[in-house]
2 protein chains.
Amino acid sequence: MRDTKTAVQEIRAFNRFYTDIIGLLDAHLLDSEYSLSEVRTLYEIHIGKSVQASQIMTAMHIDKSYLSRLLKKLEKDGLICKTPSEEDARATLISLTGKGLKVFKTLNKASDEQINELISNLPVRKQEELVNHMKSIMDILQHK
Amino acid sequence: MRDTKTAVQEIRAFNRFYTDIIGLLDAHLLDSEYSLSEVRTLYEIHIGKSVQASQIMTAMHIDKSYLSRLLKKLEKDGLICKTPSEEDARATLISLTGKGLKVFKTLNKASDEQINELISNLPVRKQEELVNHMKSIMDILQHK
DNA sequence: AATAAATAGTGGACTTTGTCCACCATTTAT
DNA sequence: ATAAATGGTGGACAAAGTCCACTATTTATT
């Protein structure tokens, strides 16, 4: 392994840098009617097709009661539907409704555009900084 | 510019991936007596040596009233001191006290160790995933 | 010089996000 | 048959952060 100090410093610098970028994206996304966690929940249901609450919970690293409430809102808005699992009467299976899929796709598209705009507007200086950070980290990982 | 769809998708995939990693780090750091924002505030004061509240605010993208409260706590704990600015009577200059520097260094070291541990324990699969994400993004930026 | 507008910061009230805990129902293990 | 684990809900609460109104200066405008 190469010099640990440098590697760690580099990763922390990248974290600060990238946390900032993600923060900006997240902030922009907040105009929507749905919170970040709600959108993320829709995403998890979307890719899982038909999932249990506990699976979403694990994927998102959130508390089950919080998830329960997120799901409640999404259900109230008619974006998801719950059906009792046939194998396990404790569990309910969650899936997107037609409306849910539509809303998800809309939000997703908005997010794509956001990112696209970010890429287009990223000043060259920031781009170079990002690339340099990434190079260092790749270097660290490949030599560890 | 290359295929936009792919580029945007790739960046979003990386965001999800890296948000997860950062989340883990942040969660681990929470054992400390100080919150993430408080530590970040100490960091900003540390690198700025002697700064105004408004500078920290801009760097951290947080509300001024929230920062005011963060500073109040740090001051109460004797980690920072405020002195009225001589050029501008509206402003106060903020700097770390001896104790503040000591605490910051301790927290900083803990954070370093955290990252170090993360690197050491990152499964090869995750490492490769990270490197692949980064390669794609660098590729995107360099061809845009 | 007088006043309008901008800048720096504080504190009250509030919202959002998320956790902890107690609880019910069902299922699996002993 | 019963203990323990799993899946989920809801109450109470904590943490993080925003919005707004206010004070005190400072800078710009007439």
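Quick caveat, the model's predicted, so the values are computed rather than measured. Proteins come first, then strands; the chains are lettered A, B, ... in the order of their sequence lines, and each starts at number 1.
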query = Quick one: on DNA chain C, does A/H61 or B/L93 contact a more 5' nucleotide (nearest heavy atom)?
reply = B/L93
request  = Classify the side-chain pair B/Q52/B/D88 by whether it contains a donor and acceptor separated by less than 3.5 Å.
outcome  = no
ask   = At what distance, to the nearest 0.5 angstrom, does CE of A/M134 lie from CD of A/E10?
value = 11.5 Å
query = When you check the phosphate oxygens OP1 and OP2 of C/dG11, does a side-chain N or O of B/K72 lie under 4.0 Å from one of them?
reply = yes
task = Name the closest nucleotide to the A/S68 side chain, picking from D/dT9, C/dT19, D/dT25.
result = D/dT9
request  = Could you tell me the separation between the NZ atom of B/K64 and the C1' atom of D/dC22, rounded to a whole number of Å?
outcome  = 10 Å
ask   = Among B/T41, B/L70, B/L71, B/L101, whose side-chain contact (heavy atoms from CB on, under 4.5 Å) with B/I80 holds?
value = B/L71
remark   = Side-chain contact check for B/R90: nearest option of C/dT27, D/dG10, D/dA24 is D/dA24
note = Which of D/dC19, C/dT19, C/dT7 is nearest the side chain of B/D63? It is D/dC19
ask   = Does the gap between the ring centers of A/Y18 and B/F14 come in under 6.0 Å?
value = yes
request  = Calculate the interatomic distance between A/Y34 atom OH and C/dT17 atom P; express it in whole Å.
outcome  = 13 Å
Nearest-angstrom distance from the residue atom CG of B/L67 to C1' of C/dT10 = 11 Å
query = Does OP1 or OP2 of D/dT6 have a side-chain N or O of A/S54 closer than 4.0 Å?
reply = no
remark   = From CG of A/L36 across to P of C/dT17 the rounded distance in Å is 8 Å
message = Tell me the interatomic distance from B/E86, atom CD, to D/dT26, atom C1', rounded to whole angstroms.
response = 16 Å
task = Starting from P on C/dT17, measure out to CG on A/L70 and report it in whole angstrom.
result = 9 Å
request  = Check every strand shown and say whether A/S65 touches a base, only sugar-phosphate, or nothing at a heavy-atom separation below 4.0 Å.
outcome  = base
query = Of all the nucleotides listed (D/dA16, C/dC20, C/dT26), which has the minimum atom distance to the side chain of A/R69?
reply = C/dC20
request  = Looking only at side-chain atoms of B/A53, point me to the closest of C/dG9, D/dG8, C/dA25.
outcome  = C/dG9
inquiry  = I need the CD-P distance between B/E38 and D/dG17, as an integer number of Å.
reply    = 10 Å
ask   = Want to settle it: does B/Y66 or B/E87 sit nearer the 5' end of DNA chain D, counting the closest nucleotide to each?
value = B/Y66
message = Using a heavy-atom cut-off of 4.0 Å across all strands, would you classify A/S37 as base, sugar-phosphate, or nothing?
response = sugar-phosphate
key: Distance in Å, A/I62 CD1 paired with A/L67 CG, rounded so as to fall on 0.5 Å steps   = 4.5 Å
query = Looking only at side-chain N and O atoms, does B/K82 come under 4.0 Å of OP1 or OP2 in C/dT10?
reply = yes
query = Can you check whether B/T92 has a side-chain N or O nearer than 4.0 Å to OP1 or OP2 of C/dG9?
reply = yes
ask   = Do you see a donor-acceptor pair shorter than 3.5 Å between the side chains of B/D20 and A/H61?
value = yes
ask   = How long is the line joining CG of A/L71 and P of D/dG10, in whole Å?
value = 11 Å
message = Can you tell me which nucleotide in D/dT26, D/dT18, C/dT19 comes closest to the side chain of B/A89?
response = D/dT26
